[in-house]
Amino acid sequence: MKTPSISTLSFILFVIFSCSCASVSADGHEDFLECLSEEFHNYPSISNVTYTPINNSSSYSSILRFSIQNLRFTSESTPKPLVIITPEHESQIPPIIHCAKDSEVQIRTRSGGHDYEGLSYVSPVPFIILDLINFSEITVDAVNKTAWVESGSTIGSLYYRIAEKSPVLGFPAGVCPTVGVGGHFSGGGYGNLLRKYGLAADNVIDARLIDVNGRILDRQSMGEDLFWAIRGGGGASFGVILAWKVQLVDVPERVTVFTVQKTLEQNASRLIHRWQYVASKFDEDLFIRIIIARANSSSSQTGGNNVTLNASFNSIFLGGVDRLLPMMQESFPELGLVREDCTEMSWIESILYFDGFPIENREVLLNRTQRSVRYFKAKSDYVQTPIPEFALEGIWRLFFEPEADEAVVIFSPYGGRMDEVPESSIPFPHRAGNLYKIQHLVYWEKEEDQNSGRYLSWIRRLYGYVAPYVSRFPRAAYINYRDLDIGMNRNEGRTSYAEANVWGMKYFKGNFERLVRVKTMVDPRNFFRNEQSIPSLREEIDD
Ligand SMILES: Cc1cc2nc3c(=O)[nH]c(=O)nc-3n(C[C@H](O)[C@H](O)[C@H](O)COP(=O)(O)OP(=O)(O)OC[C@H]3O[C@@H](n4cnc5c(N)ncnc54)[C@H](O)[C@@H]3O)c2cc1C
Ligand SMILES: *[C@@H]1O[C@H](CO)[C@@H](O)[C@H](O)[C@H]1NC(C)=O
Ligand SMILES: *[C@@H]1O[C@H](CO)[C@@H](O)[C@H](O)[C@H]1NC(C)=O
Ligand SMILES: *[C@@H]1O[C@H](CO)[C@@H](O)[C@H](O)[C@H]1NC(C)=O
Ligand SMILES: *[C@@H]1O[C@H](CO)[C@@H](O)[C@H](O)[C@H]1NC(C)=O
Ligand SMILES: *[C@@H]1O[C@H](CO)[C@@H](O)[C@H](O)[C@H]1NC(C)=O
Ligand SMILES: *[C@@H]1O[C@H](CO)[C@@H](O)[C@H](O)[C@H]1NC(C)=O
Ligand SMILES: *[C@@H]1O[C@H](CO)[C@@H](O)[C@H](O)[C@H]1NC(C)=O
Ligand SMILES: *[C@@H]1O[C@H](CO)[C@@H](O)[C@H](O)[C@H]1NC(C)=O
Ligand SMILES: *[C@@H]1O[C@H](CO)[C@@H](O)[C@H](O)[C@H]1NC(C)=O
Ligand SMILES: *[C@@H]1O[C@H](CO)[C@@H](O)[C@H](O)[C@H]1NC(C)=O
């Protein structure tokens with residue numbers, strides 16, 4: 001008897017709630033702009049970097065689009081920000097935070113825009129984008145081996161500025177040069193120096209941040225808890241990060257790179273299987289990852305068609321070829337590496353090499369435009385015991401399905417420095433015990449394909465297939481490979497600790513609890529929030 005009335009009631013509440021949301025959406029916009037104009041006595045100084053869809057429609061669209069790195073979030077139906085602001089000075093940001101709180105619109109902070117699920121520029125509730133594209137100053141101190149890097153800088157420009165000052169300094173961050181340091185360092189940030197030097201976040205030594213009260217803080221004034229949280233816990237939960245101070249690392253004058261390709265017919269499966277036993281135990285100067293994708297073959301034995309798989313053993317060695325060859329002969333002779341496969345070059349050239357650019361033209365590292373922006377979905381896994389060969393072959397079978405036309409899996413070895421850093425050192429917990437990380441990726445070309453969901457369903461099947469062979473309890477994931485499939489906060493109302501713990505454990509393991517404590521302390525009302533932001537335990541209690 002009671003059930004129908006409860007569901008009727010919740011239906012009515014739902015309608016009322018949806019309506020009130022819609023009106024917040026319309027008003028929020030004007031309230032927000034009005035508040036800004038009051039806050040800025042000299043409003044012109046911010047209005048020239050404020051874009052609305054009505055008054056500045058073509059600049060609004062081009063600025064919105066400029067940093068989007070995944071076409072999945074460019075459709076008509078993707079929710080759009082009420083306003084985009086590209087501040088030029090940090091003093092402009094506290095009033096923006098104040099007005100957003102006042103008019104109940106959410107802030108999405110965007111640095112490089114590479115978030116896999118578009119969280120820096122899409123929200124289901126009324127929002128504005130705080131786009132830090134013009135916070136891109138980098139100051140390298142080659143004597144003290146440090147640098148200050150503003151959040152909107154790309155990692156490519158950081159590498160470029162370091163190399164400008166010194167040929168024997170580097171920094172351990174990601175591979176793709178257009179990635180922004182704002183999101184990347186706050187989620188960990190790994191690349192091909194991680195076996196020697198760990199993550200980007202392991203090498204952050206100071207930061208500047210604006211908190212929910214508009215205070216501009218550095219490491220000392222924010223305190224060690226908050227400074228801990230923003231190095232791997234995701235920046236978006238804690239405030240607006242303005243800049244990082246990083247410790248640069250030593251690199252030799254010459255490094256050695258190689259990429260050896262093997263198809264299934266060339267025993268790729270056996271080599272990949274073997275790699276799992278050795279790659280995390282190599283000397284920490286040696287990093288060999290494997291990129292696996294479909295390829296055409298002229299002499300295919302795979303089910304009578306011409307499709308095979310291509311495994312690229314893609315490597316950097318922090319030393320010369322004369323030291324590398326005997327090391328490979330001893331640790332991984334099966335790959336059959338020979339001198340002709342190897343090229344010696346400077347560290348900065350290796351950055352270009354890994355990205356497939358000609359190594360002569362390093363200016364491309366300053367270019368913020370990615371060469372191929374496509375539709376994609378990605379997921380991550382950690383492997384702690386080698387996957388048996390028959391199970392690898394099961395993965396290959398999935399790659400012969402039509403949706404895997406442009407799919408890729410990347411195996412990145414751990415070990416070395418990653419084994420030495422304690423799990424609780426920063427929020428990123430995936431350390432000793434992991435042989436390697438898998439990134440699963442599926443790309444597609446047309447919007448229609450997105451609607452049919454074929455590609456999403458393919459990658460979810462792949463994820464299901466590998467489940468027995470990867471980390472469990474929790475099934476670990478890397479926050480910088482954001483995946484909303486693993487769990488989300490509620491759009492409306494408070495998300496409990498237990499609900500958020502579902503995805504929180506996967507990204508942070510035991511560190512999730514401390515992240516929640518820090519969040520509760522610095523942003524108790526949970527102003528800085530998104531689908532996977534750290535929840536506050538006091539969100540409603542404080543009201
Ligand atoms: C092509 C490509 C290549 C990649 N390669 C690598 C790689 O080699 N290694 C690796 O580890 N990862 C890699 N990634 C993942 C990348 O590290 C993450 O997507 C990272 O979060 C991107 O940072 P961003 O500033 O570009 O992204 P954004 O989309 O701007 O931000 C990502 C998240 O951080 C928040 N955020 C951004 N800036 C700030 C700030 N200043 N203050 C507070 N919160 C902020 C955003 O709100 C959002 O939640 C790659 C991604 C892509 C698309
Ligand atoms: C906006 O105006 C301020 C002062 O009025 C000026 O310093 C700044 O360069 C302007 N910015 C742009 C992008 O025009
Ligand atoms: C957008 O339009 C408003 C109103 O016309 C104007 O005040 C503002 O300066 C414009 N912003 C930019 C960046 O041109
Ligand atoms: C944008 O244009 C509308 C109508 O043209 C106007 O009412 C509004 O004040 C403008 N907004 C700003 C910020 O100038
Ligand atoms: C802000 O960034 C845009 C895009 O990169 C650029 O065109 C513009 O000149 C920048 N403005 C300032 C003041 O740096
Ligand atoms: C290096 O650091 C020291 C101590 O912090 C400082 O006094 C010195 O100025 C720095 N060197 C340079 C070149 O900035
Ligand atoms: C593949 O492995 C088999 C068995 O070890 C070996 O006989 C064969 O020569 C290898 N093929 C290639 C192309 O290396
Ligand atoms: C294998 O992949 C690499 C890039 O990872 C590519 O350069 C090469 O052409 C591919 N080989 C085949 C046979 O498709
Ligand atoms: C394989 O060949 C087909 C048909 O020629 C082509 O469309 C496809 O792009 C090729 N795939 C790869 C990975 O080279
Ligand atoms: C596919 O394989 C057949 C024989 O196995 C060969 O004749 C044909 O040329 C191959 N096609 C391509 C595109 O490689
Ligand atoms: C930056 O890269 C994009 C994509 O590769 C390219 O279209 C553009 O011309 C480049 N811009 C400059 C200034 O080189």
Side-chain angles (χ1 to χ4, degrees), residues 36 40 45-51 59 62-69 81 83-100 107-115 119-121 127-141 146-162 164 171 173-174 177-187 189 200-201 204-212 214-219 221-222 226-227 230-231 234-246 365-370 528:
L36 266 192
F40 283 87
S45 76
I46 194 164
S47 83
N48 65 356
V49 290
T50 302
Y51 303 86
S59 333
S62 65
I63 285 174
L64 176 61
R65 184 63 186 260
F66 184 78
S67 295
I68 295 184
Q69 312 289 343
V83 178
I84 304 171
I85 304 180
T86 58
E88 297 175 304
H89 191 269
E90 60 187 35
S91 68
Q92 295 172 319
I93 298 176
I96 297 170
I97 295 174
H98 169 81
C99 291
I107 292 182
R108 294 293 168 118
T109 305
R110 181 162 77 169
S111 290
H114 288 65
D115 194 278
L119 298 195
S120 57
Y121 55 87
F127 72 109
I128 63 156
I129 296 179
L130 183 59
D131 192 326
L132 299 181
I133 186 163
N134 281 329
F135 277 68
S136 56
E137 212 168 275
I138 298 170
T139 320
V140 175
D141 177 349
T146 59
W148 271 104
V149 196
E150 286 189 325
S151 290
S153 311
T154 62
I155 54 176
S157 60
L158 173 60
Y159 300 153
Y160 182 96
R161 296 297 169 207
I162 295 170
E164 219 174 31
F171 190 68
T178 57
V179 169
V181 306
H184 189 60
F185 294 6
S186 69
V204 168
I205 52 178
D206 202 342
R208 287 172 63 76
L209 166 144
I210 304 192
D211 75 2
V212 70
R215 291 181 304 170
I216 300 181
L217 306 171
D218 65 4
R219 177 175 185 165
S221 52
M222 80 177 77
L226 181 52
F227 183 62
I230 58 173
R231 288 173 296 155
S237 301
F238 301 100
V240 176
I241 295 152
L242 298 168
W244 306 101
K245 184 180 189 182
V246 295
L365 296 176
L366 300 174
N367 188 336
R368 295 187 79 101
T369 307
Q370 220 201 115
F528 287 110

Are [X] and [Y] close enough that some pair of their side-chain heavy atoms sits under 4.5 Å apart?
{"X": "Ser186", "Y": "Trp244", "value": "yes"}
{"X": "Asp206", "Y": "Thr146", "value": "no"}
{"X": "Ile93", "Y": "Leu242", "value": "yes"}
{"X": "Pro87", "Y": "Leu130", "value": "yes"}
{"X": "Arg161", "Y": "Leu366", "value": "yes"}
{"X": "Phe227", "Y": "Asp218", "value": "no"}
{"X": "Gln92", "Y": "Ile85", "value": "no"}
{"X": "Ile128", "Y": "Ile96", "value": "yes"}

Output the distance between atom [atom1] ([X]) and atom [atom2] ([Y]), rounded to the nearest 0.5 Å.
{"X": "Tyr121", "Y": "Thr109", "atom1": "OH", "atom2": "OG1", "value": "14.5 Å"}
{"X": "Asp211", "Y": "Leu217", "atom1": "CG", "atom2": "CG", "value": "5.0 Å"}
{"X": "Ile68", "Y": "Gln370", "atom1": "CD1", "atom2": "CD", "value": "12.5 Å"}
{"X": "Tyr51", "Y": "Thr86", "atom1": "OH", "atom2": "OG1", "value": "4.5 Å"}
{"X": "Ile210", "Y": "Ser91", "atom1": "CD1", "atom2": "OG", "value": "8.5 Å"}
{"X": "His184", "Y": "Thr178", "atom1": "NE2", "atom2": "OG1", "value": "11.0 Å"}

Within the distance-only criterion (no hydrogens, no angle test), does the side chain of [X] pair as donor or acceptor with the backbone N or O of [Y] below 3.5 angstrom?
{"X": "Arg368", "Y": "Ser67", "value": "no"}
{"X": "Glu137", "Y": "Glu150", "value": "no"}
{"X": "Tyr159", "Y": "Ala173", "value": "yes"}

Using the side-chain contact (heavy atoms from CB on, under 4.5 Å) rule, take Phe171 and Ile155 through it: C-alpha gap first, then chi angles, then the decisive distance, then the call. CA-CA 9 Å; Phe171 190 68; Ile155 54 176; over 6 Å; no
At their closest point, which heavy atom of [X] faces which heavy atom of [Y], and how far apart are they?
{"X": "Ile46", "Y": "Thr50", "result": "O-OG1, 2.7 Å"}
{"X": "Ala243", "Y": "Ser151", "result": "N-OG, 3.7 Å"}
{"X": "Ile241", "Y": "Gly235", "result": "CD1-CA, 3.7 Å"}
{"X": "Ser111", "Y": "Gly182", "result": "OG-CA, 3.4 Å"}
{"X": "Pro94", "Y": "Gly214", "result": "CG-O, 3.5 Å"}
{"X": "Leu158", "Y": "Phe185", "result": "CD2-CZ, 4.0 Å"}

Evaluate Val240 against Leu132 for side-chain contact (heavy atoms from CB on, under 4.5 Å), listing each step before the verdict. CA-CA 10 Å; Val240 176; Leu132 299 181; 4.1 Å; yes
Verify side-chain contact (heavy atoms from CB on, under 4.5 Å) between Arg208 and Glu90, making sure each step is shown before the conclusion. CA-CA 10 Å; Arg208 287 172 63 76; Glu90 60 187 35; 2.5 Å; yes
Does CD belonging to Glu164 count more than 12 external heavy atoms closer than 6.0 Å? yes
Check the pair Val49 / Asn134 against side-chain contact (heavy atoms from CB on, under 4.5 Å), numbers first and verdict last. CA-CA 10 Å; Val49 290; Asn134 281 329; 5.5 Å; no
